[in-house]
Amino acid sequence: MPSPNTLRHPTIADLLKIVLLGTIWGSAFLAIKLSVHETGPLWLVMIRVVVAFLPIALFAWWRKNPLPPTMHDWLVIVAMSLLNTVGPFFLISWAELHIPAGVTSLIMGVGPLATMVAAHFTTPDDRFTGGKIAGMFLGFAGLAFVVGPELTQGVGFDALAYAAVWTGMLCYVAAGTLIRFVRHTSVPMMTAVNMAVGIIALTPLVLLARDPLPHLSGTATLAALYLGLVCTGLAYLLRANITVTVGQSFMSMASYFMPVSGVLLAWAVLGEPITWHILAALACVIGGFLVSRRRSAKATSANSARRRSQRRPAPRKG
């Protein structure tokens, strides 16, 4: 596992991973919507984590990846699991009982803009730029387009659902800053332990709820399995791999595609309307990423040129 100070230049393969990751993230909101009304949020999170854990644990065992060797890695992974798995999975699943899947994906699309800022304070090579501030303003403007109309009607279940998605998004931002500080554990084992901690944390909650898993329709069953295998297991492996090799800010580019795929899938499968304020929010969120990444790329190029000039030997006299 690379140290927090080691990143490499992204390649075409990394860009393809970004597109795949963003599309998978967007489809997760549709899968939640198709299953949560039958499973309930707590059971859906439990199914999602167990289904994700089994293949990842087998893969880590097949590769003979050792368990985290240091207490530092254990503490970081446990904290990351609570922030990145248990909390947001439940909050977002509960929220989608009350608000559309496409709107949820738009709110979550603002998260990586906050991640870009968080990365400045927690890593030495994802630095803060003016573009990131401009991107944040655009992202929050997009959030206002989808949340504002609901808040004007007073605080109800819909407003609480928006707040739950917002809180889940902040949990993801906090967890994202921790991934690169897992120093001596492979990505598959880190992901497997992450899911195992989630199962341990969720088990007493499921037992205390005393609510048996209801009989599920075929659609809900397939959606829950897809959510666990693809949207959780595969997506976690992709996210961790991208973050530890090319950086957290680059990984956040996947969110160019997340709200787009989320809105389009919700429209195509669930018939959720695409209104003017959803289109305006989508434009703000994507525009925020474009602004933040364009200026960030310019700053990175300038820093690279400056480092090359510093390494170049001074001309010899005489």
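Numbering of residues begins at 1 and proceeds along the displayed sequence.
- Linking ILVMFWY side-chain heavy atoms closer than 4.5 Å, directly or via other members, places Val197 and Leu67 in a single hydrophobic cluster.
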Residue pair Thr232, Met195: steps toward the side-chain contact (heavy atoms from CB on, under 4.5 Å) verdict: CA-CA 9 Å; Thr232 307; Met195 296 299 139; 3.6 Å; yes
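- In the hydrophobic clustering of ILVMFWY residues, with side-chain heavy atoms under 4.5 Å counting as a link, Val246 and Val19 come out together.
- The shortest distance between side-chain heavy atoms of Met169 and Pro88 does not fall below 4.5 Å.
- Here the CG atom belonging to Leu75 is positioned 12.0 Å from the CE atom belonging to Met80, to the nearest 0.5 angstrom.
- The CD1 atom of Ile99 lies 9.5 Å from the CD1 atom of Ile92; values are rounded to the nearest 0.5 Å.
- The cluster map of Ile, Leu, Val, Met, Phe, Trp and Tyr, joined by side-chain heavy atoms under 4.5 Å apart, puts Leu222 and Leu54 in different clusters.
- Here the CH2-CG distance, from Trp25 to Leu238, works out to 9.5 Å after rounding to the nearest 0.5 Å.
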Chi angles and distances behind the side-chain contact (heavy atoms from CB on, under 4.5 Å) call for Val193, Thr185: CA-CA 10 Å; Val193 173; Thr185 308; 5.8 Å; no
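- Between Ser105 and Phe29, the shortest heavy-atom distance links the atoms CB-CD1, 3.3 Å.
- Using modelled atom types and a 3.5 Å distance limit, the side chains of Asn194 and Thr85 yield a donor-acceptor pair.
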Stepwise side-chain contact (heavy atoms from CB on, under 4.5 Å) test for Thr70 and Arg183: CA-CA 9 Å; Thr70 66; Arg183 294 173 180 151; over 6 Å; no
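- How far CG of Leu205 is from CE of Met46: 9.0 Å, rounded to the nearest 0.5 Å.
- Of the possible donor and acceptor atoms, one in the side chain of Ser261 sits under 3.5 Å from a partner among the backbone N and O of Met258.
- In terms of modelled atom types and a separation under 3.5 Å, the side chain of Ser81 and the main chain of Ile77 share no donor-acceptor contact.
- When hydrophobic clusters are built by joining Ile, Leu, Val, Met, Phe, Trp and Tyr residues whose side-chain heavy atoms come closer than 4.5 Å, directly or via intermediates, Met108 is grouped together with Leu20.
- The closest side-chain heavy-atom distance from Val36 to Trp94 is not below 4.5 Å.
- Contact check for Leu178 versus Val182: no side-chain heavy atoms found under the 4.5 Å cut-off.
- The two residues Thr104 and Pro100 make their nearest non-hydrogen contact at OG1-O, 2.8 Å.
- Linking Ile, Leu, Val, Met, Phe, Trp and Tyr whenever their side-chain heavy atoms come within less than 4.5 Å leaves Ile200 and Val49 in two separate clusters.
- Side chain of Trp43 to main chain of Asp211: a donor-acceptor pair is present (N/O by atom type, distance under 3.5 Å, no hydrogens or angles).
- Smallest separation of non-hydrogen atoms from Ile56 and Gly233: CD1-CA, 3.4 Å.
- Note that CG of Leu264 and OG1 of Thr23 are 10.5 Å apart. Values are rounded to the nearest 0.5 Å.
- Counting only heavy atoms from C-beta outward, the side chains of Leu202 and Leu42 approach each other to under 4.5 Å.
- Nearest heavy atoms, Leu227 versus Ala28: CD1-O, 3.7 Å.
- With a 6.0 Å radius and a threshold of 12 heavy atoms from other residues, nucleotides or ligands, Ile12 has its CD1 atom at or below the threshold.
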Criterion side-chain contact (heavy atoms from CB on, under 4.5 Å) on Arg48 and Ile32, from CA distance to verdict: CA-CA 10 Å; Arg48 182 177 181 178; Ile32 292 171; 4.0 Å; yes
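- Counting heavy atoms from C-beta outward, Arg239 and Asn84 have side chains that approach closer than 4.5 Å.
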CA sep, side-chain torsions, deciding dist, call: Tyr226, Ser27, side-chain hydrogen bond (donor to acceptor under 3.5 Å, both in side chains): CA-CA 10 Å; Tyr226 173 81; Ser27 68; 2.7 Å; yes
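- Here Ser35 contributes atom OG and Glu38 contributes atom CD; the two are 8.0 Å apart, rounded to the nearest 0.5 Å.
- In terms of heavy atoms, Val86 sits closest to Gly198 at CG2-CA, 3.8 Å.
- For the pair Tyr236 and Met190, the minimum side-chain heavy-atom distance is 4.5 Å or more.
- Lys33 places a side-chain heavy atom less than 4.5 Å from the side chain of Glu272.
- The minimum heavy-atom distance linking Leu270 with Ala101 is given by the pair CD1-CB, 4.3 Å.
- Side-chain contact between His184 and Pro68: absent, with no pair of heavy atoms (C-beta onward) separated by less than 4.5 Å.
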